[in-house]
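These notes are about the structure you will find just below.
Any value given below was found using the heavy atoms of this structure, including those in side chains, with hydrogens, waters and symmetry copies removed. Fair warning: this is a prediction, and the values are worked out from it, not measured in the lab. Just so you know, ligand 1 is whichever comes first in the structure, and atom 1 is the first atom listed for that ligand.
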Amino acid sequence: MAQSVLLTGAAGRVGQAILGGLADDHEWRLIDRDPPTDDQPGEFVVGDITDEESVREAMEGIDVVIHLAGDPRPEAPWDSVLTNNIDGTQTVFEAAADAGVEKVAFASSNHAVGAYETDERTPEMYRSHDDYLLDGTELPRPSNLYGVSKAAGESLGRYYHDEYGLSVVCVRIGNLTQGHPPIDYERGQAMWLSYRDCAHLFDCCIRADYGYEIVYGISDNDRKYYSIDRAREVLDYEPQDNSAHHDDDTSA
Ligand SMILES: NC(=O)C1=CN([C@@H]2O[C@H](COP(=O)(O)OP(=O)(O)OC[C@H]3O[C@@H](n4cnc5c(N)ncnc54)[C@H](O)[C@@H]3O)[C@@H](O)[C@H]2O)C=CC1
Ligand SMILES: O=C1O[C@H](COP(=O)(O)O)[C@@H](O)[C@H](O)[C@H]1O
């Protein structure tokens, strides 16, 4: 059934991957501080997620929020992640709870757990013969201040689930790259998320029933060190792409 979905950060890469696959599947309201450069489905609101009034207005009549807006740079400075990623995410969760939204899917990141990639484990853990696997039950272990902000977003989700009953799924997205996995980058190949699997995964987040979940958002790569079992079980995620097959598959 079509849902009324608010997509924050809609003008960015992940937003466009989602809309590229799902434009006709849901009723979209899009919010981004940057105006769109071409035609977009639904209604586009130019607004900042740290502006409470804009977010509250955008939240009216919404069933599901996909919250992507934020500073995505692993090297982002503290003042930016504090404002855009932590304060902005709190504003989105608070407005969602107040508006009676049912579900929020939050774009977390591999960098929330990047420090598990110790010198002793790498580069072996990026290779298919290695069995090291993170499954989403481990504690955050951020690799930078950006990762700290994503761990904070996951905690905010936990709080808004426990206190207000919001259904929340935190998707620790790997490395979204269009068309093919990153080249000459083992880590990126292990955590590759194709555009088509990205759209499908967030469609699953819109449709599935859950309480509070942390899942990994990667394709079904042979090399993976993130388990996608939880995403399969709870969300019915069925990825189609695999970085090991990229030479044979140009449709991702
Ligand atoms: N692209 C990737 O591989 C990964 C992305 N993510 C997360 O996914 C989300 C989207 O990332 P991308 O699409 O790659 O980044 P992007 O930079 O392409 O898109 C982010 C969008 O958010 C908007 N935005 C930023 N701050 C805002 C604010 N305060 N108010 C309103 N709009 C704001 C920007 O204008 C931009 O259009 C981010 O939260 C990022 O941390 C997480 C892991 C991997
Ligand atoms: O969270 C993110 O992760 C991806 C992958 O990280 P990288 O350090 O391997 O590049 C990154 O490309 C993206 O910008 C970021 O938001």
Short side-chain donor-acceptor distance under 3.5 Å, His26 and Ser4
no
Distances under 3.5 Å, N/O of ligand 1 against N/O of the protein: list each pair and its distance.
from	atom 1	to	atom 2	distance (Å)
ligand 1	3 (O)	Leu176	N	3.0
ligand 1	13 (O)	Arg13	N	3.0
ligand 1	13 (O)	Val14	N	2.9
ligand 1	14 (O)	Arg13	NE	3.0
ligand 1	14 (O)	Arg13	NH2	2.8
ligand 1	18 (O)	Arg13	N	3.0
ligand 1	18 (O)	Arg13	NE	3.4
ligand 1	29 (N)	Asp48	OD1	2.9
ligand 1	29 (N)	Asn84	OD1	2.9
ligand 1	30 (N)	Asp48	OD1	3.4
ligand 1	30 (N)	Ile49	N	3.0
ligand 1	32 (N)	Arg33	N	3.2
ligand 1	35 (O)	Asp32	OD1	2.6
ligand 1	35 (O)	Asp34	OD2	3.4
ligand 1	37 (O)	Gly12	N	3.3
ligand 1	37 (O)	Asp32	OD1	3.2
ligand 1	37 (O)	Asp32	OD2	2.6
ligand 1	39 (O)	Leu68	O	2.7
ligand 1	39 (O)	Lys150	NZ	2.8
ligand 1	41 (O)	Tyr146	OH	2.5
ligand 1	41 (O)	Lys150	NZ	3.2

Qualifying residues under ring pair (Phe, Tyr, Trp, His ring centres under 6.0 Å), relative to Tyr159, sequence neighbours excluded
none
When you measure from the centre of the six-membered ring of Tyr237, is the NZ or CZ of Arg232 closer than 6.0 Å and no more than 45° off the axis?
no
By chain and number, the residues contacting ligand 2 below 4.0 angstrom (heavy atoms only) are Arg13, Pro72, Ser109, Asn110, His111, Tyr146, Gly174, Asn175, Tyr185, Arg187
Looking at Gly147, is its backbone amide N or carbonyl O close enough to the side chain of Asn144 to form a donor-acceptor pair, meaning the two atoms are under 3.5 Å apart?
yes
Excluding sequence neighbours, so at least two apart, what forms side chain to side chain donor-acceptor pair (under 3.5 Å) with Arg13?
none
If we only count heavy atoms from C-beta on, is the Leu201 to Tyr216 side-chain gap below 4.5 Å?
no
With a 3.5 Å cut-off and no angle check, do the side chains of Asn175 and Arg187 form a donor-acceptor pair?
no
Is it the case that more than 12 heavy atoms not belonging to Asp39 sit under 6.0 Å from its CG atom?
no
If you compare all heavy atoms of Ala10 against all heavy atoms of Leu19, which two are closest, and at what distance to 0.1 Å?
O-CD1, 4.3 Å
